[in-house]
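Each chain gets a letter, A, B and so on, in the order the sequences are listed, and its residues count up from 1. Values below: all heavy atoms of this structure, side chains included; hydrogens, waters and symmetry mates excluded.
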Amino acid sequence: MKRINYIIIAWILVFHLFSCMPSRIVRPLDKGQKTIGAHLGGPLIGFAGTTIPIPFTSIIYAQGVSEKTTVFGSIHTTSLLFGVIQTDIGACYNIYYNDSVRIGFSVTPAINMAYDKWEGNFKLWPQVDVNMYWDIKPKKSFVYLGVDNWFELSDKKAHDQDQTNRWIINPQIGYTNVRKKWNHNIEIKYLVPYKDNEPGVVDYKGINGKGAVGIYVSFTRKF
Amino acid sequence: MKKLITYTIIAVTLSSCFRLDDNLFSPDNKITEYKLDNYDGEVHFVLDASYAIPSNLIKIFTLNSQSPSESNPTTIYAIYIGETNTISVDTVIMYCHGNSNHMDYYWQRAKLLANCGSKNNYGVMMVDYRGYGLSDGEPSEDGLYADVNAALKWLKGNGLTNDKLVMYGYSMGSAPSCELTSKPRAMVPFKLILESPFASVAVMVQDATVLGMPSSFVTNLTIDNAEEIKNISQPFMWMHGVNDLFLNIETHGQIVYNNYQGSYKEAHKINGSDHSDVPLMYGFQNYCNDIDVFIKK
């Protein structure tokens, strides 16, 4: 079906913003290390006869507080343009690392909060990322595989309808190229792969009519 | 550094002006004239000659529409199908069109309604909202209501009485239809028909996000048909495509239908129909018969 109007693209620009960022921290930083990163990307959609990723942006600051723990905070810059202050604050904890095979597991709980200046509405979503990563060389570039979990605390939607999407699962796979001062990352996330992507106002590109595939890139400066 | 970031956030937030309000509207205002039957743009169906409207029953004219926030009126275009000198005794359908294109695109639908029941049976009024077709101005929520109300004023001025006014809203047109039936201005409709309505801006946002996100995060629009319908007591007819890929029948139309608490309602869920082809998949004859029966009930 030809969508009613692809100008509605603009609706999407922020609609999925709130659940469409890449993994913040997968492998903890060294103790005392600080980074500032820029994240760009979003789910693939059909637009004007082609497929594009939606260019969401955010900026993240992270700091290693121990060898196993890194804390971080972000600001969603695209949201700001819409008068919404949105941030996610959390910590990445390395729960296991095997030196011989250079495989580690990390868990990253976070709180994602948003507040709009228009009506003063506030929302909060707990989020937990669980990732397995493999250092291609010790302390160098790595690949990872994981799951991003979002939790909707409200049991009701608009018009007092039951909220059936209380736990949202997004599997992801990524690669981080580690350089001396910069890290470069690319991640592919499969957003809500178990949910039909039609009907809807957005022409999401998923697999077999389910979910949406997202592509993200990140650039991180280390200090 | 911290101060810089803080000031930047505050500055960007305070100066931010991106809202998605305008993106509800998808007007086509590139036309230079209304071509009606000669329109060669994309439409979802074209009626055969049996639905033709004689030229003497087609009136294209302008109206002055002024929303509460405007200091000067906006000139909009309107089409009336029917005898203008018998409006006082005719039953008229106020057709509020959807969010895209212009009246040429909706001409076939208006013709169909005019012929429900019998040949040229109903008067049909249609306007191009501001910013659509040849109408001046920019689309807005207030403008939608003002523009339809301007049409109702014209009908009232030509003798139409409340007991012969039927409000019909298709898709986005369900917003002015519900608003002006729930909170009447120039006239009070005696029947309401909604085709493929949306429940509210809040549902649009939540359908797209999966999460329970407040609509104020993205838009200042306050359209809420699901609440407006609670204040409407006039008989209500709802039709919606079961396969509507744009406005989900369950999360949009069904909510509006369920929330109606008036004296009479009827639902028509059209199998195989998407958002834009309800009359076609309904079958023109069935569509017209059901509308005619509903209006005369």
Side-chain angles (χ1 to χ4, degrees), chain A residues 1-20 59 61 75 77-87 114-123 125 150 152-161 163 165-166 168 191-192 195 198-204, chain B residues 5 8-20 22-26 42 98-101 171-172 198-220 224 226-227 243-252 255-256 258-259 274-277:
Chain A
M1 172 210 172
K2 183 183 176 188
R3 296 294 169 150
I4 275 273
N5 104 52
Y6 47 72
I7 250 180
I8 282 183
I9 178 91
W11 283 86
I12 321 153
L13 280 173
V14 278
F15 276 2
H16 253 278
L17 177 68
F18 298 81
S19 61
C20 284
I59 296 170
Y61 172 81
I75 187 75
T77 35
T78 310
S79 297
L80 275 186
L81 297 173
F82 285 81
V84 178
I85 299 171
Q86 187 185 6
T87 180
Y115 171 86
D116 79 78
K117 75 170 189 179
W118 309 96
E119 294 183 16
N121 282 318
F122 175 80
K123 279 289 289 191
W125 295 279
W150 278 67
E152 171 57 63
L153 300 179
S154 305
D155 61 356
K156 293 289 182 184
K157 297 192 291 186
H159 311 299
D160 210 30
Q161 300 300 300
Q163 172 60 271
N165 304 306
R166 304 295 300 277
I168 295 166
L191 300 149
V192 282
K195 189 170 172 57
E198 286 186 334
V201 295
V202 182
D203 185 14
Y204 290 118
Chain B
I5 292 172
T8 303
I9 290 170
I10 291 171
V12 172
T13 304
L14 292 178
S15 63
S16 57
C17 57
F18 286 10
R19 304 298 279 166
L20 301 181
D22 292 345
N23 295 287
L24 176 66
F25 310 106
S26 182
E42 183 184 13
N99 79 326
S100 61
N101 295 290
S171 191
M172 185 189 75
F198 68 98
S200 65
V201 170
V203 173
M204 268 194 169
V205 173
Q206 293 184 3
D207 271 3
T209 55
V210 183
L211 299 167
M213 187 193 305
S215 59
S216 58
F217 282 10
V218 294
T219 177
N220 293 331
D224 195 342
E227 286 301 312
N243 299 340
D244 193 325
L245 295 179
F246 184 66
L247 297 177
N248 188 324
I249 186 173
E250 295 300 329
T251 59
H252 284 281
I255 302 293
V256 174
N258 291 347
N259 281 2
D274 198 344
H275 187 67
S276 302
D277 58 4

Peer 1: Give, for atom CD1 of B:I255 and atom CD of A:Q161, the distance between the pair rounded to the nearest 0.5 Å.
Peer 2: 3.0 Å

Peer 1: For A:N121 and B:F217, which heavy atoms make the closest approach, and how far apart are they?
Peer 2: O-CE1, 3.4 Å

Peer 1: Identify which part of A:K195 has an atom lying under 4.5 Å from any heavy atom of chain B, answering side chain, backbone, both or neither.
Peer 2: side chain

Peer 1: Side chain, backbone, both or neither: which part of B:D224 has an atom under 4.5 Å from a heavy atom of chain A?
Peer 2: side chain

Peer 1: Without swapping roles, check the side chain of B:Q206 against the backbone of A:A158 for a donor-acceptor pair under 3.5 Å.
Peer 2: yes

Peer 1: Sort out for me which of A:Q163, A:H159, A:K123, A:K156 touches chain B most, counting heavy-atom pairs under 4.5 Å.
Peer 2: A:H159

Peer 1: With a 3.5 Å distance limit and no angle check, can you tell me whether A:E152 reaches the backbone of B:G212 through a side-chain donor-acceptor pair?
Peer 2: yes

Peer 1: To the nearest 0.5 angstrom, please state how far the CG atom of B:L211 sits from the CZ atom of A:R166.
Peer 2: 11.5 Å

Peer 1: Sort out for me which of B:A202, B:G98, B:P214 touches chain A most, counting heavy-atom pairs under 4.5 Å.
Peer 2: B:P214

Peer 1: If you take all heavy atoms of B:S216 and A:W118, which pair is closest and at what distance?
Peer 2: O-CD1, 3.6 Å

